Amino acid sequence: EESVYLVCTKELESFICDSIRSIGRQPVLFEPCDANEMPPVVFAQIKVNVASLRADVLVSALSHCSRTDAKEKIAQGFVKVNDQILESNKTLCNNDTISVRRAGKYMIQDVDGVSRKGRLIVNVLKYQ
């Protein structure tokens with residue numbers, strides 16, 4: 001809980017350890033470590049009920065906002081899909097990673113089924 005792991009090249013390792021002493025007003029201390037010491041990625045599994053796999057619909061469901069607000073977040077560059085800033089609305093697929101600023105990072109797993117009203121039930125992993 002008190003640690004952050006930063007992955008960098010060997011050339012940058014000494015520079016980061018020697019030069020960076022604070023981030024904002026928070027003092028920090030970087031120490032080199034082996035990649036095997038990094039903790040595994042932890043996910044929480046959630047299910048969302050959406051009309052389609054369009055990005056604005058999923059952003060709306062995952063960040064608990066309206067579709068209009070989701071479209072504004074996309075237009076402002078607050079949404080990334082597979083580490084690329086989403087510039088226009090698009091349909092997402094299985095294993096796409098979607099990151100919404102101030103809401104979290106998610107990985108779309110698969111469509112679990114269809115509700116009685118024809119909406120999709122999507123399994124999503126939330127990065128912890």
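Note that the structure is a prediction, hence the values are computed from the model and not measured.
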Exercise. Start with the C-alpha gap between K47 and D112, add the side-chain angles, then the distance that decides, and say whether side chain to side chain contact (heavy atoms under 4.5 Å, CB included) holds.
Key: CA-CA 9 Å; K47 292 185 183 223; D112 196 28; 2.5 Å; yes
Could you check whether any side-chain heavy atom of [X] comes within less than 4.5 Å of a side-chain heavy atom of [Y], counting everything from C-beta outward?
{"X": "L29", "Y": "R21", "value": "yes"}
{"X": "L58", "Y": "V50", "value": "yes"}
{"X": "K80", "Y": "L86", "value": "no"}
{"X": "L53", "Y": "V111", "value": "yes"}
{"X": "E72", "Y": "T68", "value": "yes"}
{"X": "V7", "Y": "M38", "value": "yes"}
{"X": "S63", "Y": "K73", "value": "yes"}
{"X": "V48", "Y": "L62", "value": "yes"}

Drop me the distance from [X]'s [atom1] to [Y]'s [atom2], to the nearest 0.5 angstrom.
{"X": "I85", "Y": "Q76", "atom1": "CD1", "atom2": "CD", "result": "12.0 Å"}
{"X": "S88", "Y": "K71", "atom1": "OG", "atom2": "NZ", "result": "12.0 Å"}
{"X": "D69", "Y": "S60", "atom1": "CG", "atom2": "OG", "result": "8.0 Å"}
{"X": "Q128", "Y": "F43", "atom1": "CD", "atom2": "CZ", "result": "9.5 Å"}
{"X": "Q109", "Y": "N94", "atom1": "CD", "atom2": "CG", "result": "8.5 Å"}
{"X": "I98", "Y": "L92", "atom1": "CD1", "atom2": "CG", "result": "5.0 Å"}

Is there a path of hydrophobic side-chain contacts, each under 4.5 Å between heavy atoms of I/L/V/M/F/W/Y residues, joining [Y] to [X]?
{"X": "V100", "Y": "L125", "answer": "no"}
{"X": "V41", "Y": "I46", "answer": "no"}
{"X": "L120", "Y": "I108", "answer": "yes"}
{"X": "V124", "Y": "Y127", "answer": "no"}
{"X": "I121", "Y": "V114", "answer": "no"}

Self-check item: Of all pairs that satisfy side-chain hydrogen bond (donor to acceptor under 3.5 Å, both in side chains), the ones with a partner from residues 96-107, not counting sequence neighbours
Solution: N82-D96
Hey, is the main chain of [Y] close enough, under 3.5 Å, to the side chain of [X] for a donor-acceptor pair?
{"X": "R67", "Y": "V57", "answer": "no"}
{"X": "S22", "Y": "Q26", "answer": "no"}
{"X": "D56", "Y": "A70", "answer": "no"}

Practice problem: Provide the full list of ring-ring contact (aromatic ring centres under 6.0 Å, His included) pairs with a residue in residues 9-41, sequence neighbours left out, each pair given once. | Solution: none
